[in-house]
Protein chains: 2
Amino acid sequence: MQDPTFLILLALSDRPRHGYGILLEAKELSGGTIRIGPGTLYGALERLEEAGHIELDREEIEDGRPRRYYRLTRRGRGVLVEETQRRDALVGLAKQRLAHR
Amino acid sequence: MQDPTFLILLALSDRPRHGYGILLEAKELSGGTIRIGPGTLYGALERLEEAGHIELDREEIEDGRPRRYYRLTRRGRGVLVEETQRRDALVGLAKQRLAHR
DNA sequence: TTCGATATATCGTTGACCGATATATCTCGC
DNA sequence: GCGAGATATATCGGTCAACGATATATCGAA
């Protein structure tokens with residue numbers, strides 16, 4: 001799993017969000033350093049839904065503009081936790097290695 | 001930068017290694033969980049050399065088999081350190097986020 | 001009325017990654 | 001002496017996530 005997908009799952013970890021909201025949250029989360037474009041987002045959303053990691057929470061029409069909210073599935077949360085542990089282990093390894101000099 | 005490339009740089013962080021040695025070190029480092037295939041390795045080596053992140057250290061012929069040793073450049077080490085910090089920040093964020101529940 | 005933000009969607013391209021395959025030599029066990 | 005597996009480098013083609021560009025539509029602010 002690459003960074004954009006990881007960030008999308010992470011953005012959904014506290015509550016359901018719609019696509020654009022995920023974009024904003026990912027930007028906010030990363031302190032503005034990571035930006036996900038729409039081309040990345042909607043493709044990833046489709047893949048994640050097909051994989052059963054996220055699902056449609058609800059669909060709203062607000063001010064004539066549709067908003068499609070997604071939420072993490074239980075499985076999606078599990079995947080996110082595992083991925084976080086995997087990444088944590090790798091980073092820990094790197095820090096340990098780079099400290100020896 | 002994706003995991004395989006990150007691991008290759010990390011494997012070279014303590015001393016020069018030849019291609020196959022990088023494969024073994026990456027496997028060792030990750031506790032056997034991450035495996036880099038030759039198709040990934042040699043392509044990545046070429047890219048990293050072109051980017052100036054690694055360079056040829058020496059070439060040996062041992063037992064009739066060639067061994068091509070690569071080493072991190074100063075720039076490559078810098079990139080590795082930055083990438084580690086970037087990954088660390090992201091993982092820290094994820095852990096913090098997942099702890100709230 | 002023009003711009004930027006909000007909101008979703010598609011399209012084509014790129015490029016890292018990956019499995020498979022190839023070649024060649026050495027060592028170990030039988 | 002022979003085969004298997006480890007050592008070592010290399011290429012090739014396919015896949016797929018990511019990405020930039022573009023499109024559509026609405027709203028509020030300047």
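Below, chains carry the letters A, B, ... as their sequence lines are ordered, and counting in each starts from 1. Atom set for the values below is all heavy atoms of this structure, side chains included, hydrogens, waters and symmetry mates excluded.
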Tyr69(A) meets the ring-ring contact (aromatic ring centres under 6.0 Å, His included) criterion, sequence neighbours left out, with His18(A)
Over how many whole Å does the gap from [X] atom [atom1] to [N] atom [atom2] extend?
X        : N       : atom1 : atom2 : value
Leu7(A)  : dC19(D) : CG    : C1'   : 15 Å
Glu46(B) : dT11(D) : CD    : P     : 7 Å
Met1(B)  : dA18(D) : CE    : C1'   : 16 Å
Leu24(A) : dT8(C)  : CG    : P     : 10 Å
Glu62(B) : dT7(D)  : CD    : P     : 13 Å
Leu23(B) : dT9(D)  : CG    : P     : 9 Å
Ile61(A) : dA25(D) : CD1   : C1'   : 12 Å
Gln2(B)  : dC19(D) : CD    : C1'   : 13 Å

Tyr20(A) has its side chain closest, among dA17(D), dT6(C), dC17(C), to dT6(C)
Thr84(B) (side chain) donor-acceptor with Leu80(B) (main chain) under 3.5 angstrom
yes
Worksheet entry | N/O donor-acceptor pair under 3.5 Å between Arg77(A) side chain and Ser13(A) backbone | yes
When rounded to the nearest 0.5 Å, the distance separating CG of Leu93(A) from CG of Asp88(A) is 11.0 Å
Tracing side-chain contacts under 4.5 Å among Ile, Leu, Val, Met, Phe, Trp and Tyr outward from Val91(B) reaches Val91(A)
Contact check, residues 35-42 of chain A vs DNA chain C, heavy-atom distance under 4.0 Å, returns Pro38(A), Gly39(A), Tyr42(A)
So, with a heavy-atom separation below 4.0 Å from DNA chain C, the residues of residues 49-60 of chain A are none
Side-chain heavy-atom pair Glu59(B), Pro66(B) within 4.5 angstrom cut-off: no
Comparing Phe6(A) with Arg65(B), nearest DNA chain D nucleotide closer to 5' gives the residue Arg65(B)
Between [X] and [Y], is there a side-chain N and carboxylate O pair less than 4.0 Å apart?
X        : Y        : value
Arg86(B) : Asp3(A)  : yes
Glu83(B) : Arg87(B) : yes
Arg97(B) : Glu25(A) : yes
Glu55(B) : Arg74(B) : no

### Message
Whether Thr5(B) contacts dA16(C) is assessed here as follows: a side-chain N or O lying under 4.0 Å from the phosphate OP1 or OP2. Is that the case?
### Response
no
### Query
Quick one: is Arg47(B) getting a side-chain N or O under 4.0 Å of the dA16(C) phosphate, OP1 or OP2?
yes
| request: Answer yes or no for Arg17(A) and Tyr70(A): cation-pi contact, defined as NZ/CZ to six-membered ring centre under 6.0 Å and angle to ring axis within 45°. | output: no
For residues 33-47 of chain A, the side chain to side chain donor-acceptor pair (under 3.5 Å) pairs (sequence neighbours left out) are none
Expected list for residues 81-92 of chain B near DNA chain D, using heavy atoms below 4.0 Å, is none
